[in-house]
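Shown next, in structure tokens, is the structure this report addresses.
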Amino acid sequence: MIVDLLILSLTAILAENFVLVKFMGCCPFLGVSRKTDTAFGMGMAVTFVMGIASAITWTVDTYILKTMNLEYMQTIVFILIIAALVQFVELFLQKTLPALYQALGIYLPLITTNCAVLGVAILNVQNEFNFIETVIYGISAALGFTLAILLLAGVREKTENNDIPYFLKGFPITLITAGLMAIAFLGFSGMKF
């Protein structure tokens, strides 16, 4: 059982990385990856939302939507749950960590529309994971997101003051870097854990 959960976790972090392999959550990935501090804060916020959202959406889907034959309402219900969690995170950060709240800016409320968060909730249902697998997959997918955004932020900080041709400075070199990272992570998809 523990080995299966470890395999599920490694698969979500590396082989099926939501940003670099499935290309979900690219907006905050590209927008909040200028500094590692901000990227880490966003990664932790997404980890909290994905982990809790996975648990709540699985419970609501299993015990309410399926028992009442309301599976067609999954997407709307999942979005409402995610939006409520993001509001909670936003209020928490505003009160306790105002500097991080300001640094995340518009990208914090965008977690609500981050397709990676909704994608995890839907994939948990589609893959018919049990509760433990759902939570492990949600947290691992978020850790994969955090890994990807931290790697990109680190590279962006290093290339900021480097001698880069003028036409590649800024966003073009960021897209090239993200593309190369995606190619590297696609190499993990061929591995069998």
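Atoms considered below: every heavy atom in the structure, side chains included; atoms not considered: hydrogens, waters and symmetry mates. The model shown is predicted, which means the values in this text are computed figures rather than measured ones.
M42 places a side-chain heavy atom less than 4.5 Å from the side chain of F145. Side-chain contact between F48 and F88 is present, with at least one heavy-atom pair separated by less than 4.5 Å. Residues L65 and Q74 meet the side-chain proximity criterion, which asks for heavy atoms closer than 4.5 Å. Side chains of V77 and L70 form no contact here, defined as non-hydrogen atoms less than 4.5 Å apart. The side-chain heavy atoms of Q94 and L100, taken from C-beta on, include no pair separated by under 4.5 Å.
In terms of modelled atom types and a separation under 3.5 Å, the side chain of T38 and the main chain of R34 share no donor-acceptor contact. In terms of modelled atom types and a separation under 3.5 Å, the side chain of S54 and the main chain of M50 share a donor-acceptor contact. The backbone N or O of I64 sits less than 3.5 Å from a side-chain atom of T67, completing a donor-acceptor pair. Side-chain atoms of T146 come within 3.5 Å of backbone N or O of G43 as a donor-acceptor pair. At distances below 3.5 Å, at least one donor-acceptor pair connects side-chain atoms of E133 with backbone N or O atoms of N130.
At a threshold of 4.5 Å between side-chain heavy atoms, the hydrophobic network of Ile, Leu, Val, Met, Phe, Trp and Tyr places V155 and L147 in two separate groups. Hydrophobic clustering keeps F23 apart from I13 (ILVMFWY residues linked when any side-chain heavy atoms are closer than 4.5 Å, directly or through intermediates). Hydrophobic cluster membership is shared by V125 and M24, with clusters built from Ile, Leu, Val, Met, Phe, Trp and Tyr side chains linked at under 4.5 angstrom. Note on L168: it does not cluster hydrophobically with L152, by side-chain heavy-atom contacts below 4.5 Å among ILVMFWY residues. If you chain together hydrophobic residues whose side chains sit under 4.5 Å apart, Y63 and F131 fall into the same group.
In this structure, CD1 on I79 lies 12.0 Å from OG1 on T57, to the nearest 0.5 angstrom. Here CD1 of I164 is found 9.0 Å from CD1 of I176. Values are rounded to the nearest 0.5 Å. A distance of 9.0 Å separates OG1 in T134 from CG in N127, rounded to the nearest 0.5 Å. Interatomic distance, CG of L10 versus CZ of F188, reported as 10.0 Å (0.5 Å rounding). Atom CD in Q102 sits 12.0 Å away from atom CG in L97 (nearest 0.5 Å). The SG atom of C26 sits 12.0 Å away from atom CZ of F18, with the distance rounded to the nearest 0.5 Å.
Checked for salt-bridge contact, E160 and K169 miss the test: no charged N lies under 4.0 Å from a carboxylate O.
In terms of heavy-atom proximity, A39 sits nearest to I149 at O-CG2, 3.7 Å. Of all heavy-atom pairs between I139 and G51, the closest is CG1-CA, 3.8 Å. Between L20 and A148 the shortest heavy-atom distance is CD1-CB, 3.7 Å. Nearest heavy atom pair, residue K35 against residue E157, reads CA-OE2, 3.2 Å. Here the closest heavy-atom approach between residue G25 and residue V19 is recorded as O-CG2, 4.3 Å. Residues V49 and L85 approach most closely at O-CD1, 3.9 Å, considering heavy atoms.
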Run the numbers on R156 and T177 for side-chain hydrogen bond (donor to acceptor under 3.5 Å, both in side chains), then give the verdict. CA-CA 8 Å; R156 285 181 81 172; T177 304; over 6 Å; no
Taking it one step at a time, do Y137 and F129 satisfy ring-ring contact (aromatic ring centres under 6.0 Å, His included)? CA-CA 9 Å; Y137 188 74; F129 290 146; 5.3 Å; yes
L175 vs L30, side chain to side chain contact (heavy atoms under 4.5 Å, CB included): CA-CA, chis, key distance, verdict: CA-CA 8 Å; L175 288 176; L30 294 171; 4.0 Å; yes
Audit row: F78, V117, side chain to side chain contact (heavy atoms under 4.5 Å, CB included) steps and yes/no: CA-CA 9 Å; F78 290 178; V117 180; over 6 Å; no
